[in-house]
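The chains referred to below are lettered A, B, ... by the order of the sequence lines, with proteins before strands, and numbering in each begins at 1.
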2 protein chains.
Amino acid sequence: MPQVGSGSPGRRIPEATVERLPVYQRIVVELLRAGMATVSSEQLAGLAGVNAAMVRKDLSLLGSFGTRGTGYDAAYLASQIDRALGVDREWPVAVVGAGNLGRALVNSEGFSSRGFRVVALYDIDPGVIGDPVGPVVVRPLDDLEDLADLDDLADIGDVSGEPVPAIGVITTPSSAAQEVADRLVGVGVRSILNFAPRVLVVPPHVLLRYVDLSIELQVMSFYLSQAERHGPGSIVERELPVLHSVGLTPTAEGVGDQVLGAP
Amino acid sequence: MPQVGSGSPGRRIPEATVERLPVYQRIVVELLRAGMATVSSEQLAGLAGVNAAMVRKDLSLLGSFGTRGTGYDAAYLASQIDRALGVDREWPVAVVGAGNLGRALVNSEGFSSRGFRVVALYDIDPGVIGDPVGPVVVRPLDDLEDLADLDDLADIGDVSGEPVPAIGVITTPSSAAQEVADRLVGVGVRSILNFAPRVLVVPPHVLLRYVDLSIELQVMSFYLSQAERHGPGSIVERELPVLHSVGLTPTAEGVGDQVLGAP
DNA sequence: CCTTGTGAATCTATTCACAGCG
DNA sequence: CGCTGTGAATAGATTCACAAGG
């Protein structure tokens, strides 16, 4: 049973907290931009849509750096959250699939501002190879195996002696997703974020997470239907959920077998 | 305290279950395509990365339509999940922002195949107005107020007497997000899905959900750092989380005040 | 014999409430 | 005083384990 807290205090950080940290971070940055030097748990809670006690509990897991009677120093808080999340450094990211979604991600402020540096973008379509997209140029998928030799990779302060980007992002059509995943694993990528609507199989040492952009919409659909069933006007008000998922992650065991296999 | 179950049985469906339903749905559809007529909770659980008992509990909330000794009829299961989610009909959706993300969503199979029909796509950039994107053409943002008069809207079997799309999706730069939200609310849109990295304020009767594509990556960063801290090789294996969030939803109260306001 | 459906047990997350510190 | 940090209390979600059905 591994799993220990993140930074100074040896506390274990629960998954639920990990998922709220980016939310707090974003709010703190907005508040900083608005000129505030300190934030109270009350403020953060209001903006994040959660209970103030939860904010305090979450933040206390990163260490005790609030000031009683005042709140948290916004700038310091932001840096501590980043440290806990491990985004106080640059993570090189390779994106496969230069369609609209891939391009959107490569260009997204969220990626670049949070320490995710896209070092390569691949596509199989000769028509887009060579296109400049944000900081990179679309490479032919066949070059994927050269991921380790990337120039750009050297620019990053050699992150942690990584020979290849730690993170691969798949934004291909679902038909190509498994092959791409296999090849990413083959070159040594340690974690994969899959946007293709397809269940993938990877070795157990590879961290695999899924994002399905339509799940949020489906959850919305549920609550809209709900509201209708209770008659117009009875919109579910603040009975509504606050944090929500968009993904699924299968365990390693026999996933492919089940999809493809006879008994 | 409203909130009742979704379909036949009067049971209340917990948020956690609602978020897993789209996951099951997707898997069932994949299995159907692979030619399977029935699914067991065990199979479903393996592919979704959750416990089989949880699958059964989740599905039992939609009614008891499994067959003991056999499993669930895949096609029927899919239809029941859709009904529970309220996607057994078409939801008209308006997307604002025809950048890469907006285009990706409009074209996404996930949207169209799950009953979300994009009836309008708006942008402010004259350079892209008129571009065909999937089933629609980019309209000038100034036409947003005409949302109610849309031809396409009439095509849909008048969903539920809705005068305007029930769902608005914001994929603009964050600087424009609040104004767009205000205008969507102004024309009567009842729920908004915001991809812009900005906290928004809407009246309490409007359902607002957020998606931040970088949150998943940040959660990954956390677990990668974790793994490193425990030394290479000690990758956190199946201690890893399975379902995860990408959003935040603030409560209505004084959100704007807090961001902008003096005490 | 296999798999569902579900009460009871467990585990996890959230909220309360207050002592303690700046 | 006001606000953090946190034990204790509560609520909620997950897993166990098994009775019952096809």
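Rounded to whole Å, atom C1' of C:dA13 lies 12 Å from atom CZ of A:R12. Rounded to an integer number of Å, the gap from A:E19 CD to C:dT14 C1' is 15 Å. In this structure, CG of A:L62 is placed 12 Å from P of D:dT6, rounded to the nearest angstrom. A:L59 places its CG atom 11 Å from the C1' atom of D:dG5, with the value rounded to the nearest Å. Rounded to a whole Å, the CE atom of A:M54 is 20 Å from the P atom of D:dC3. The interatomic distance linking B:E15 (CD) with D:dA11 (C1') rounds to 15 Å, in whole Å. Atom CG in B:N51 sits roughly 14 Å away from atom P in C:dC11 (whole-Å rounding). The nearest whole Å value for the distance from the CG atom in A:D73 to the C1' atom in D:dC3 is 15 Å.
Listed pair B:T67 / C:dT4 fails the phosphate criterion, with no side-chain N or O lying under 4.0 Å from OP1 or OP2. Remark: B:S40 is not in phosphate contact with C:dT3, judged by side-chain N or O atoms under 4.0 Å from OP1 or OP2. Between B:Y72 and the phosphate of C:dG5, there is a side-chain N or O to OP1/OP2 separation shorter than 4.0 Å.
Between B:G69 and B:D58, the residue whose closest nucleotide on DNA chain D is further toward the 5' end is B:D58.
Listed by chain and number, the residues in a side-chain hydrogen bond (donor to acceptor under 3.5 Å, both in side chains) with B:D182 are B:Q178 (sequence neighbours excluded). Judged as a side-chain hydrogen bond (donor to acceptor under 3.5 Å, both in side chains), and not counting sequence neighbours, the contacts of A:S41 are A:R56. A:T38 pairs by the side-chain contact (heavy atoms from CB on, under 4.5 Å) definition with A:T70, not counting sequence neighbours. Scored by the side-chain hydrogen bond (donor to acceptor under 3.5 Å, both in side chains) test, B:S40 finds no partners at all (sequence neighbours excluded).
Pairs engaging residues 46-74 of chain B under the ring-ring contact (aromatic ring centres under 6.0 Å, His included) rule: B:F65-B:Y76 [sequence neighbours left out].
Remark: the A:K57 side chain and the C:dT14 base include no donor-acceptor N/O pair separated by less than 3.5 Å.
Comparing D:dT4, C:dT15, C:dT6 by their nearest atom to the side chain of B:S64 picks out C:dT6.
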Which pairs, protein N/O on one side and nucleotides 17-19 of chain C N/O on the other, fall under 3.5 Å?
{"residue": "C:dA17", "atom": "N6", "partner": "A:R56", "partner atom": "NH2", "Å": "3.3"}

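The CD atom of B:Q25 lies 8.0 Å from the OG atom of B:S113; values are rounded to the nearest 0.5 Å.
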